[in-house]
> 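Questions regarding the structure given below will be posed in turn.
Here is the naming used below: chain letters follow the sequence lines, and residue numbers restart at 1 for every chain.
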Amino acid sequence: MTHRTIHLFRKGLRLHDNPSLVWALESSAVVYPVFVLDRAFLDGAMRMGALRWRFLLQSLEDLQTRLVALGSRLYVLQGGYEAGLRQLVRRWGVTQLTFDTEVEPFYARLDDSLRSLCEELGVLVHSGVAHTLYDVRRIIKANGGEAPLTYKKFLQVQSILGEPDKPAREITPQDFQKCKTPMEEGNEEQYRVPSLEDLGIEVDLEVLWPGGESHGLKRLEKHLESEGWGENFSKPRTIPNPLLPNTTGLSPYFSVGCLSVRSFYYRLSNIYAQSKNHSLPPVSLQRQVLWREFFYTVASSTPNFTKMAGNPICLQIGWHENQEALEKWKEARTGFPWIDAIMTQLRQEGWIHHLARHAVACFLTRGDLWISWEEGMKVFEELLMDADYSVNAGNWMWLSASAFFHQYTRIFCPVRFGRRTDPEGQYIRKYLPVLKNFPSKYIYEPWTAPEEVQLEARCIIGKDYPLPMVDHVEVSQRNMCLMRQLRSEQEGTAQLTRDVADDPVEIGVKREHQDHGPSEERTSKHFSPDGDHKTQVCSWASDPIRLPELSGEVMRPRTVT
DNA sequence: ATTGCGTTGTCGGG
DNA sequence: CCCGACAACGCAAT
């Protein structure tokens, strides 16, 4: 009970399940809750966009309110960590620093510099893991020193470890009676939570995701209480283009730690234990949390996890650099209404359904545009309210078939995928009002609408809404071919014969979604070692089609001998 | 060496 | 709405 402690909030912007704050309260006579608002760090390393800034500031406001209610307060320090903390340690006579450790490289570096600063100043450090279910180092250790690279393997390792640590105890007003937060007269202004205006950040978009622990908890309760939610929720069956989110909507709160994954995990376990209907347990939701854990684990032990170059688990691909095509994707001008509607929702709301993420990610990378997943990752990081270093990069590698997932022939069709669950195109009509008058028949591919239909809809394709930037059937077939080649090149030549034995050209031609005569029947395949097929594949692949020219030896189709 | 599997592809048919 | 066929990868179990 003798320390004078700064508890440093970074993520973990909550009072429930906050073990290092509990530690601070139990070991100190005085605790100063501090958040360092380091813009260089948050704009740079964290790549925060305006909506994420707003969410963060709201979360800090909420933290402040909750701390005040307990008889404490939050000190927000603007500027760099080191200079700021050095000054406060001296001024406040601090003897201990508590914080949550984080695994991202930029946080880990910050951890190190905080430790050396504390060593220099003679300040004790107490830190622990609170952002993930487990200390991911335990998972890596249990797997023999390497991160498991498949989800299945990950679950095996997790079963060895057993259940995660229980959430920390609640913090009560009594804690802050025993352990004071000294208030300094006249510094309210200096250490308050800044506004967006203070920071010169402009956002005029509706608040759909108010930041903060209070809102997160409210949202959590609302969903848990709604009939059957906890038991019937199953991820793969949610609809990818909802007008209202039909998923939990909790991810933004987990990403900055307004909510605790441990508390959530145990909450679901309790629902399962008390449920009469054990046939539909909320395990699928727990599995979502475990997916997050999986990506955190791999990210923590993989060099250059958010890059292709120097990343040992990432397939090296000669992605095309095409700023113009990238801009069209980012700004919802691809000419594919389904894709553009998703990108519009992303920009306006900071949230899109996970399957919608898959669709646009596939489109940008291996499906259509053949642009690096890193570019898409950066856009998501800026715009998604739930942006998360590890999960985001992991999913982009997944979707681009660069790591974890390898079935590159499974390409989302930007026309049909959405139509399956939303044949009337309500989602498109909402986010792309310019197309709202099109008949459902044409809403997913308005460029096929006859001129009179376009006039009737008062939207001329090519003028009021762009023509499709690529021919999906052509480019996706070409991309499959490229992918197959670069993989066989990187793997050696053992599988080449098998790889090119059956020719994708026919498939590509006959799978037109517009009326395009009945397909020729596919006869039984002949696996002939004949080399003619190979050259045929390659010459087709190098045909100039409506896409940027190929470049780089990795993806250049070559004649196989 | 061979087989089976993978959180979320597409298509056609019932 | 669900199923199987399709085509097909890396990885792990056998």
> Given B/dT10, B/dT8, B/dT7, identify the nucleotide with an atom nearest to the side chain of A/Trp291.
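Given the options B/dT10, B/dT8, B/dT7, the side chain of A/Trp291 is closest to B/dT7.
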> Just how far, in rounded Å, is C1' of B/dT8 from CG of A/Leu355?
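Distance check: A/Leu355 CG to B/dT8 C1' gives 5 Å.
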> Within a strict 4.5 Å, meaning less than it, do heavy atoms of the A/Glu349 and A/Leu51 side chains meet?
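No, their side chains stay 4.5 Å or more apart.
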> Rounded to the nearest angstrom, tell me the gap between atom CZ in A/Phe154 and atom P in B/dC5.
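Value for this atom pair: 23 Å.
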> In whole Å, what is the span from the CD1 atom of A/Ile411 to the P atom of C/dC6?
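So the CD1-P distance, A/Ile411 to C/dC6, works out to 20 Å.
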> Would you write the dot-bracket representation of DNA chain C, where each base gets (, ), [, ], | or . depending on whether it forms a Watson-Crick or G-U pair under 3.5 Å and with which partner?
||||||..||||||
> For C/dA8 versus B/dA1, give the span between their P atoms, rounded off to a whole number of Å.
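My reading of the P atoms in C/dA8 and B/dA1 gives 23 Å.
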> Take atom CG of A/Leu285 and atom C1' of B/dT7, then tell me their distance rounded to the nearest Å.
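So the CG-C1' distance, A/Leu285 to B/dT7, works out to 13 Å.
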> How close or far is atom C1' of C/dA7 from atom CD of A/Gln477, stated in whole angstroms?
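Rounded to the whole Å, the gap is 11 Å.
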> Who passes side-chain contact (heavy atoms from CB on, under 4.5 Å) against A/Lys11, sequence neighbours left out?
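Partners of A/Lys11 under the side-chain contact (heavy atoms from CB on, under 4.5 Å) test: A/Glu102, A/Glu104, A/Tyr107, A/His131, A/Tyr296.
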> Please examine the side chains of A/Glu381 and A/Arg52, heavy atoms only from C-beta on, and report whether any two atoms are closer than 4.5 Å.
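A/Arg52 reaches A/Glu381 side chain to side chain.
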> Counting distance only, does the side-chain N/O of A/Glu293 pair as donor-acceptor with the main-chain N or O of A/Thr132 below 3.5 Å?
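Answer holds: no.
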> Does the plane of the ring in A/Trp351 sit parallel, tilted or perpendicular to the ring in A/Trp209? Use 30° and 60° as the thresholds.
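Judged by the thresholds at 30° and 60°, the geometry between A/Trp351 and A/Trp209 is tilted.
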> Of the nucleotides B/dT8, B/dT10, B/dT7, which one has an atom closest to the side chain of A/Gln288?
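Taking heavy atoms from C-beta onward, the closest nucleotide is B/dT7.
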> Please report, rounded to the nearest Å, how far the C1' atom of C/dA12 is from the OH atom of A/Tyr151.
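So the two atoms are 18 Å apart, to the nearest Å.
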> Roughly how many Å is it from CZ in A/Arg419 to C1' in B/dT10, rounded to a whole number?
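Atom CZ in A/Arg419 sits about 13 Å away from atom C1' in B/dT10.
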> Just wondering, are more than 12 heavy atoms of other shown residues or ligands nearer than 6.0 Å to CD in A/Glu146?
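Count not over threshold, so no.
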> Is there side-chain contact between A/Glu327 and A/Lys330, with at least one heavy-atom pair below 4.5 Å?
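A/Glu327 reaches A/Lys330 side chain to side chain.
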> Would you find a donor on one side and an acceptor on the other, under 3.5 Å apart, between the side chain of A/Thr150 and the backbone of A/Lys153?
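Looks like yes, one N/O pair under 3.5 Å.
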> Is there a side-chain polar atom (N or O) of A/Arg420 under 4.0 Å from OP1 or OP2 of B/dT10?
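For A/Arg420, the contact criterion (side-chain N or O under 4.0 Å from OP1 or OP2 of B/dT10) is met.
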> Using the P atoms only, state how far C/dA7 lies from B/dT7, rounded to an integer number of Å.
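Going atom to atom, P in each nucleotide, I get 24 Å.
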> Under a 4.0 Å heavy-atom cut-off, which of residues 392-410 of chain A touch DNA chain C?
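Result for residues 392-410 of chain A: A/His406, A/Gln407, A/Tyr408, A/Thr409, sorted by number.
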> Here's a test for you: under ring pair (Phe, Tyr, Trp, His ring centres under 6.0 Å), which of A/Phe295, A/Tyr134, A/Trp291, A/Phe294 qualifies with A/Phe154?
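The residue from A/Phe295, A/Tyr134, A/Trp291, A/Phe294 that satisfies ring pair (Phe, Tyr, Trp, His ring centres under 6.0 Å) with A/Phe154 turns out to be A/Phe294.
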> Which whole number of Å gives the distance between the P atom of B/dC5 and that of C/dG4?
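Straight-line distance between the two P atoms is 14 Å.
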> Roughly how many Å is it from NZ in A/Lys152 to P in C/dC11, rounded to a whole number?
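Computing the A/Lys152:NZ to C/dC11:P distance gives 15 Å.
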> When the P atoms of B/dG4 and C/dA5 are compared, how many Å lie between them, rounded to an integer?
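Here C/dA5 and B/dG4 have their P atoms 14 Å from each other.
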> Under a 3.5 Å distance rule, please check whether A/Tyr427 uses its side chain to pair with a backbone N or O of A/Asp422 as donor and acceptor.
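Such a contact is absent between A/Tyr427 side chain and A/Asp422 backbone.
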